[in-house]
Amino acid sequence: MSAQQSQGIQTLLEAEKEAAKIVQQARQYRVQRLKDARAEASREIEEYKKAKEAEFRAFESSHAGTTSVAQSTVDRETEEKLAVINESYDRNKDAVVTKLLDRVVLVHNELHRNLKKPGSA
């Protein structure tokens with residue numbers, strides 16, 4: 001009976017080793033599938049990125065002319081407004097300086113409105 005038990009134990013050990021090999025192969029297969037999935041995702045991301053960059057370059061090149069036209073229009077309007085401001089400054093600077101000096105030099109001796117006179121409390 002011990003020979004049969006020994007043979008049964010040996011069979012169980014071999015089955016256990018075989019099961020361990022199968023589990024190890026399954027783990028390796030799963031790891032390889034994950035690596036493949038990551039590589040595929042990276043490849044798809046790169047393709048998508050390249051497509052979007054090409055789309056952006058096409059959009060940018062199609063709108064490049066309108067940007068330069070808009071920039072020149074803004075520059076021209078800015079120069080016109082600056083010319084108007086400078087002209088107004090040149091025309092009014094003497095009058096403003098005179099008004100400021102008149103206000104600084106002109107002194108009125110009168111009591112402040114919040115000051116109460118003695119005896120009128």
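These values consider heavy atoms only, across backbone and side chains, with no hydrogens, waters or symmetry-generated copies.
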Query raised in the report: Should Arg91 and Glu87 count as an ion pair when the cut-off is N to O under 4.0 Å?
Result: yes
Query raised in the report: Any Lys/Arg nitrogen of Lys50 or Glu47 sitting under 4.0 Å from an Asp/Glu carboxylate oxygen of the other?
Result: no
Requested in this report: Output the distance between atom CD (Glu77) and atom OG (Ser72), rounded to the nearest 0.5 Å.
Outcome: 9.5 Å
Report task. Let me know which of Glu16, Gln10, Lys17 forms a side chain to side chain contact (heavy atoms under 4.5 Å, CB included) with Glu14. Result -> Gln10
Query raised in the report: Looking at Ser61 and Ala58, what are the two nearest heavy atoms and their distance?
Result: OG-O, 2.9 Å
Query raised in the report: With the threshold set at 4.0 Å, does a side-chain nitrogen-carboxylate oxygen contact exist between Arg57 and Glu53?
Result: yes
**Report entry** Neighbour count >12 (heavy atoms, 6.0 Å) for atom CZ, Arg27
**Finding:** no
Requested in this report: Look only at the side chain of Thr11 and the backbone of Gln7, and say whether a donor-acceptor pair between them is shorter than 3.5 Å.
Outcome: yes
Report task. Rounded to the nearest 0.5 Å, what's the gap from CG on Leu101 to CG on Leu106? Could you check? Result -> 12.0 Å
**Report entry** More than 12 heavy atoms of other groups within 6.0 Å of Arg33 CZ
**Finding:** no
Report summary line: Only residue of Val97, Thr98, Val96 satisfying side chain to side chain contact (heavy atoms under 4.5 Å, CB included) with Leu100 is Val96
**Report entry** Stepwise salt bridge (Lys or Arg N to Asp or Glu O under 4.0 Å) check, Glu46 with Arg43
**Finding:** CA-CA 5 Å; Glu46 285 301 317; Arg43 201 171 21 249; over 6 Å; no
